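Heads up: the structure comes next, in structure tokens.
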Amino acid sequence: MIGEMRDGETAQIAVQSALTGHLVLSTLHTNTAAGAVVRLVDMGIEPYLITSTLNGVLSQRLVRRLCSDCRQPVELDAAQASAAGLARFTGPDGARIYRAAGCTACKHTGYLGRSSIHELLPIDDAMVQAILQGEDATALHALARRRGMRTLFEDGLRKVAEGVTSLEEVARVTQDQQDE
């Protein structure tokens, strides 16, 4: 375990450990899973070493959980659900989602606790080729999307459809990624 890779020296240690057969888990601050690959290159790790040692990147963010005592249902018709991006998680007839209300249990915030949203970037053969070709984070992200990766925003929408969190909370936490 490496607490966090902040510099090239720490990244080199991680790569060398992985090359000797160790499973290395670490954190790296980036906005997206694809951004981690580019960050490693920026830290001086050669692309061929990245493709030899990296199995995948999991990006995560925390969202506030709706308070189960006071969350209020909101009915969306099919057009509203589609416009919000929820249709693929709720079906063709619209959706029931929830919004934060507030009560004494949640100190009038509407939220109680946290949950995580994720995106997983697997390093498969197509991704290896893109990394070796020096593709940027946008291109790596687009490739991963074409190959089925669910983004942080989409995973957040799934949690909205399940009633775990609100659409407003997902928008707040993923505001830098909603154009994807």
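The figures that follow rest on heavy atoms only: side chains count, while hydrogens, waters and symmetry mates do not. For clarity, every value in this text was computed on a predicted model and none was experimentally measured.
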Which pairs of donor and acceptor atoms, one on a side chain in residues 36-43, lie under 3.5 Å apart (sequence neighbours left out)?
none

How long is the gap from [atom1] on [X] to [atom2] on [Y], to the nearest 0.5 Å?
| X | Y | atom1 | atom2 | result |
| --- | --- | --- | --- | --- |
| M5 | I2 | CE | CD1 | 6.0 Å |
| R65 | L112 | CZ | CG | 9.5 Å |
| L143 | I131 | CG | CD1 | 9.0 Å |
| L121 | L140 | CG | CG | 7.0 Å |
| M149 | T32 | CE | OG1 | 7.0 Å |
| D155 | L157 | CG | CG | 9.0 Å |

| Do the side chains of V164 and L66 join up, straight or via other hydrophobic residues, at under 4.5 Å, putting them in one cluster? | no

| Linking I/L/V/M/F/W/Y whenever their side-chain heavy atoms sit closer than 4.5 Å, directly or via other members, would I123 and L58 fall into one cluster? | no

If I compare all heavy atoms of [X] with all of [Y], which pair ends up nearest, and what's the gap?
| X | Y | result |
| --- | --- | --- |
| A95 | T90 | CB-CG2, 3.4 Å |
| S17 | V24 | CB-CG2, 3.7 Å |
| L120 | P122 | O-CD, 3.2 Å |
| L76 | Q80 | CA-OE1, 3.3 Å |
| L152 | Q60 | CD2-CA, 4.0 Å |
| V160 | I97 | CG1-CG2, 3.7 Å |

Around atom [atom1] of [X], are there more than 12 heavy atoms from other residues, nucleotides or ligands closer than 6.0 Å?
| X | atom1 | answer |
| --- | --- | --- |
| D7 | CG | yes |
| H22 | NE2 | no |
| Q72 | CD | yes |

| field | CA sep, side-chain torsions, deciding dist, call: R172, R64, side-chain contact (heavy atoms from CB on, under 4.5 Å) | value | CA-CA 10 Å; R172 181 186 71 80; R64 296 177 295 171; 4.0 Å; yes

Has [X] got a side-chain atom pairing as donor or acceptor with [Y]'s backbone, closer than 3.5 angstrom?
| X | Y | result |
| --- | --- | --- |
| S52 | Y48 | yes |
| T165 | V63 | no |
| E119 | A33 | yes |

| request: Show the numbers, then the answer: is there a side-chain contact (heavy atoms from CB on, under 4.5 Å) between I13 and Q16? | output: CA-CA 5 Å; I13 291 168; Q16 291 305 314; 5.9 Å; no

| said: Apply side-chain contact (heavy atoms from CB on, under 4.5 Å) to residues Y98 and V74 and explain how you reach the verdict. | reply: CA-CA 5 Å; Y98 296 88; V74 176; over 6 Å; no

| Does the side chain of E46 come within less than 4.5 Å of T51's, by heavy atoms? | no

| query | Is there side-chain contact between V57 and L28, with at least one heavy-atom pair below 4.5 Å? | reply | no

| query | When you check the side-chain N and O atoms of S166 and Y111, is any donor under 3.5 Å from an acceptor? | reply | yes

| request: Say whether H118 and S116, considering side chains only, have a donor N or O and an acceptor N or O under 3.5 Å apart. | output: yes

| query | Any salt bridge between E154 and R158, counting N to O under 4.0 Å? | reply | no

| task | Among residues two or more places apart or on two chains, list those pairs meeting salt bridge (charged side-chain N to carboxylate O under 4.0 Å, His left out) that have a residue in residues 66-82. | result | E75-R96

| query | Should I45 and Q12 be marked as a side-chain contact (heavy atoms from CB on, under 4.5 Å) after you check the CA-CA gap, both sets of side-chain angles, and the distance that decides it? | reply | CA-CA 7 Å; I45 306 298; Q12 285 290 350; 3.5 Å; yes

